[in-house]
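Here the structure is laid out as structure tokens; the discussion comes afterwards.
Chain A is the first sequence line, chain B the second, and so forth, proteins listed ahead of strands; every chain is numbered from 1. Basis for what follows: all heavy atoms, side chains included, without hydrogens, waters or symmetry-related copies. Keep in mind that this is a model prediction, so the values were computed, not measured.
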Protein chains: 2
Amino acid sequence: MAAKRSGARGKRPQRTSETSEWLQPLHEPRSEPSLSRERIVAAAVELLDAQGVDGLTMRRLADRLGSGVMSLYWHVDNKEDVFDLALDSVLEYRGPPQIAQDWRGEVVHMLEDWRASMLRHPWSTLLLPRRALGPNILSRLELLSKTLSRAGVADADVNVAIWSLWNYVMGATITRASFDLSDDDRAAAQQRLTRLSERYPTIERSRLLLDNDWDGAFRKGLGFLLDGLSPR
Amino acid sequence: MAAKRSGARGKRPQRTSETSEWLQPLHEPRSEPSLSRERIVAAAVELLDAQGVDGLTMRRLADRLGSGVMSLYWHVDNKEDVFDLALDSVLEYRGPPQIAQDWRGEVVHMLEDWRASMLRHPWSTLLLPRRALGPNILSRLELLSKTLSRAGVADADVNVAIWSLWNYVMGATITRASFDLSDDDRAAAQQRLTRLSERYPTIERSRLLLDNDWDGAFRKGLGFLLDGLSPR
DNA sequence: ACCTGAACACCGTTCAAGT
DNA sequence: ACCTGAACACCGTTCAAGT
């Protein structure tokens, strides 16, 4: 997850992605929505949900919006930009469910929600390693940071704590999504490992690749990490 | 990391990637190496090192090997196959440095080597979420599994332990690689976050995105995790 | 058994132009 | 300010054919 090609958009419309949500054009509500950054991103997410990462094409995206391909480029820098926006748009956080939780419960909720948001859109786990940090991701990091500080984690340790949690959650989410095989693939994977069992006896015996309790494993490992990170 | 499109190769040469390393054609050492699976993979890794993921093209790969594009397809199923093979080829493990370490030292060595191997070829971190589990990855998992068992981790807990470690290491490696910005990008990222400091005061103040001690943070977080996973 | 070129059905993006 | 079509320089892969 990176700040590659950071915020400054190169081209015409100087409304950056950070401000566009606030400054709606209140004048002249055009009858037909026409093209807009928001519509493009929404259509991109739909397309990604339906067809996966390789299914997103500028031409297909334009088709879905009923516009010419090149019209998109007025609102968006290029395809990379579309990916950045689609990824971040899927990561909005609505906040913890109720007031007054212990900090640990809050953190667990935030991270489980993070994982769940991405698993709802499996393509997001493929995009993550290449994309910039959008406002929604930064907000989540900000909130996490605040929660840990308030919990009493020393300033010097907060960054290590955040990155440890981030690493764990992202690794778990990416792995989970890529193991979400169709039944066919699942069977093939098992068969393959059995065929190779002389070479990999231990993981074959433990059925490592067939272990299904992803949610439980996620929670357990997260628990270990939080034990280590907790202020003494 | 997935077993998507698992082992069984669809096409002609029935030497699968699992056996090809052992059965070398000892007869008739052809003068000019001609094309081979191994040469193709080696060239692919070179190309990926030089040009990144988007730089790998079947046409460019053929050029580099001095062959026609379609010749590659005799040895390789398709581009996906090339990616699978390139990723796994970079993940060979030579084993721990000396005999007689404690199990924890062994595990730390294995996981730091894993991370280092991938960071030597940053494109591998982009490939990881989409690719199948090759023999080298499976060997590493096998060894890790054996080490943990020998250390006394209960059978019922080994899988959770492995996946927790895997998740952490993969998340850390992917994140590390994608934050390995050029100096320009780094400056731009800092500037951007400062510009937005009203919105993200906590992570701006802690300089989360500029924290440079990746290796230290990795080791620290790994320590926490191992504390949690250690047999009581 | 291994290699090849032509051809097909796509891509993302530049550019010059329209309104 | 916003949208467009034609054109360019690419892609991966099928196929029918060569040796």
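Applying the side-chain hydrogen bond (donor to acceptor under 3.5 Å, both in side chains) test to A:Ser206 and every residue at least two apart in sequence or in another chain returns B:Asn159. With sequence neighbours excluded, the residues forming a side-chain hydrogen bond (donor to acceptor under 3.5 Å, both in side chains) with B:Thr202 are A:Glu142, listed by chain and number. Every residue was checked against the side-chain hydrogen bond (donor to acceptor under 3.5 Å, both in side chains) condition with A:Glu92, not counting sequence neighbours, and none meets it. Listed by chain and residue number, nothing satisfies the salt bridge (Lys or Arg N to Asp or Glu O under 4.0 Å) test with A:Asp88 (two or more places apart in sequence, or in another chain). With sequence neighbours left out, B:Asp49 forms a side-chain hydrogen bond (donor to acceptor under 3.5 Å, both in side chains) with B:His121, B:Trp123.
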> Based on Watson-Crick and G-U pairs with both distances under 3.5 Å, what dot-bracket line describes DNA chain D 5' to 3', crossing pairs as [ ] and inter-strand pairs as |?
Replying inline: ||.|||||...|||||.||

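The backbone N or O of A:Trp214 lies less than 3.5 Å from no partner atom in the side chain of A:Arg176, so there is not a single donor-acceptor pair.
Residues in residues 50-70 of chain B take part in these side-chain hydrogen bond (donor to acceptor under 3.5 Å, both in side chains) pairs, two or more places apart or across chains: A:Arg130-B:Asp54, B:Glu46-B:Arg64. Residues in residues 161-173 of chain A take part in no salt bridge (charged side-chain N to carboxylate O under 4.0 Å, His left out) pair, two or more places apart or across chains.
Remark: B:His75 is in phosphate contact with C:dC3, judged by side-chain N or O atoms under 4.0 Å from OP1 or OP2.
For B:Trp74, counting side-chain heavy atoms from C-beta on, the closest listed nucleotide (C:dG12, D:dA1, C:dC2) is C:dC2.
Of all the residues in residues 56-72 of chain A, A:Ser67, A:Gly68, A:Met70, A:Ser71 reach under 4.0 Å from DNA chain D with at least one non-hydrogen atom.
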